**Student:** 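Mind looking over this structure? Questions follow.
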Amino acid sequence: MKRPRIWHGGLLTVVAVLALSACSKEVADTEKDAPAEQHTEMDHSSMNHSSSGEVPATLKNAENPMYPVGSTAIIKDGHMEGMKGAEATIVGAYDTTAYIISYEPTTGGQRVENHKWVIHEELFNPGSAPLAPGTEVKTDASHMEGMENATVRIDEAQQTTVYMIDYVSTTNNDVVKNHKWVTEEELTKK
């Protein structure tokens with residue numbers, strides 16, 4: 001007597017489901033055992049991603065920026081989650097010295113290391129630019145909670161064009177207005 005075909009089809013379905021679930025568990029186990037991907041983005045959870053757009057009165061507009069005001073570019077080197085790969089609209093372009101800084105927040109909490117970027121015009125009585133690594137100075141920048149009026153240590157100085165940009169976060173679709181700052185090296189043409 002012949003067995004019904006339905007039973008063979010059901011058996012094949014059960015075997016296929018078991019095989020696929022075993023494969024997906026294997027992939028999950030492999031991903032779990034793999035070393036965590038290294039992220040170059042900083043924790044900016046307390047950063048004011050948007051700003052009023054006000055800039056220091058002494059900040060000079062760039063005369064011939066690579067990315068003119070109103071143009072767009074792709075953020076190739078985002079220093080916070082949701083920036084890398086986002087399309088940026090240029091709101092302002094300024095020639096200045098940009099600094100990577102470290103500081104103790106005035107509001108308490110964990111020390112911030114290698115924050116990108118604070119510009120020379122956001123420092124109190126900084127003297128001539130560029131400041132040498134290791135120099136300590138106060139800032140009136142308020143990009144992050146506890147930054148304003150903090151004593152910061154200069155980690156690195158870079159003479160460059162900085163841009164204020166608008167963009168939409170690639171991770172949560174939040175619209176960010178007047179973000180300060182990205183450097184020319186962090187942008188690429190579309």
Side-chain angles (χ1 to χ4, degrees), residues 36-60 67 73-127 129-187:
E37 182 182 333
Q38 298 252 343
H39 294 285
T40 58
E41 297 175 345
M42 299 167 50
D43 177 14
H44 283 80
S45 56
S46 62
M47 186 169 188
N48 300 327
H49 306 300
S50 293
S51 77
S52 67
E54 289 182 38
V55 297
T58 56
L59 188 59
K60 305 271 190 265
Y67 304 99
I74 301 299
I75 304 169
K76 70 177 181 181
D77 187 16
H79 43 259
M80 57 187 253
E81 190 176 342
M83 285 183 80
K84 190 172 185 175
E87 182 177 308
T89 299
I90 307 303
V91 178
Y94 310 93
D95 288 329
T96 188
T97 301
Y99 297 101
I100 298 175
I101 61 166
S102 296
Y103 66 96
E104 303 282 344
T106 58
T107 53
Q110 199 169 16
R111 181 173 175 79
V112 176
E113 297 286 341
N114 301 311
H115 171 81
K116 294 180 180 177
W117 301 94
V118 168
I119 60 172
H120 195 76
E121 293 77 6
E122 293 175 315
L123 303 175
F124 289 121
N125 304 316
L131 298 179
T135 302
E136 291 192 350
V137 65
K138 285 192 177 263
T139 184
D140 67 351
S142 57
H143 308 171
M144 294 179 69
E145 187 178 330
M147 180 182 278
E148 191 169 11
N149 206 33
T151 298
V152 302
R153 183 192 71 221
I154 304 298
D155 296 322
E156 185 179 317
Q158 183 176 352
Q159 185 67 39
T160 188
T161 300
V162 294
Y163 296 89
M164 184 170 11
I165 61 171
D166 292 346
Y167 69 96
V168 176
S169 171
T170 60
T171 54
N172 60 17
N173 291 322
D174 282 353
V175 175
V176 178
K177 294 284 193 183
N178 303 314
H179 173 77
K180 299 173 187 170
W181 305 102
V182 294
T183 62
E184 202 156 86
E185 295 76 16
E186 293 173 317
L187 299 173

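All of these numbers come straight from a predicted model, not from anything done at the bench.
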**Student:** Do the ring planes of H115 and H143 sit parallel (below 30°), tilted (30 to 60°) or perpendicular (above 60°)?
**Tutor:** tilted
**Student:** On a heavy-atom basis, which atom in A88 and which in Y167 lie closest, and how many Å separate them?
**Tutor:** CA-CB, 4.2 Å
**Student:** When you measure from the side chain of E148 to the backbone N and O of T139, does any donor-acceptor pair fall under 3.5 Å?
**Tutor:** no
**Student:** Between D155 (side chain) and S102 (backbone), is there a donor-acceptor pair under 3.5 Å?
**Tutor:** yes
**Student:** What distance separates I119 CD1 from D95 CG, expressed to the nearest 0.5 Å?
**Tutor:** 11.0 Å
**Student:** Partners of E156 by salt bridge (Lys or Arg N to Asp or Glu O under 4.0 Å), sequence neighbours excluded?
**Tutor:** none
**Student:** Can you name the one residue among H179, E184, K180 that meets side-chain hydrogen bond (donor to acceptor under 3.5 Å, both in side chains) with Y163?
**Tutor:** E184
**Student:** So which heavy atom on V162 is nearest to which on A98, and how close?
**Tutor:** CG1-CB, 3.9 Å
**Student:** Between the main-chain N or O of V137 and the side-chain N or O of T151, is there a donor-acceptor pair closer than 3.5 Å?
**Tutor:** no
**Student:** For the residue pair E145 and P105, what are the closest heavy atoms and their distance?
**Tutor:** O-CB, 4.3 Å
**Student:** What residue pairs, at least two apart or across chains, pass salt bridge (charged side-chain N to carboxylate O under 4.0 Å, His left out) with a residue in residues 166-175?
**Tutor:** D166-K177
**Student:** What's the separation between atom CH2 in W117 and atom OG1 in T160, rounded to the nearest 0.5 Å?
**Tutor:** 7.5 Å
**Student:** Measure across L131 and P126 and return the closest heavy-atom pair with its distance rounded to 0.1 Å.
**Tutor:** CD2-O, 3.1 Å
**Student:** Main chain of T170, side chain of K84: is a donor-acceptor contact present, judged purely on distance under 3.5 Å?
**Tutor:** no
**Student:** Determine, for R153 against E136, whether the closest basic-nitrogen to carboxylate-oxygen distance falls under 4.0 angstrom.
**Tutor:** no
**Student:** Among Q159, Q158, E121, which one satisfies side-chain hydrogen bond (donor to acceptor under 3.5 Å, both in side chains) with T97?
**Tutor:** Q159
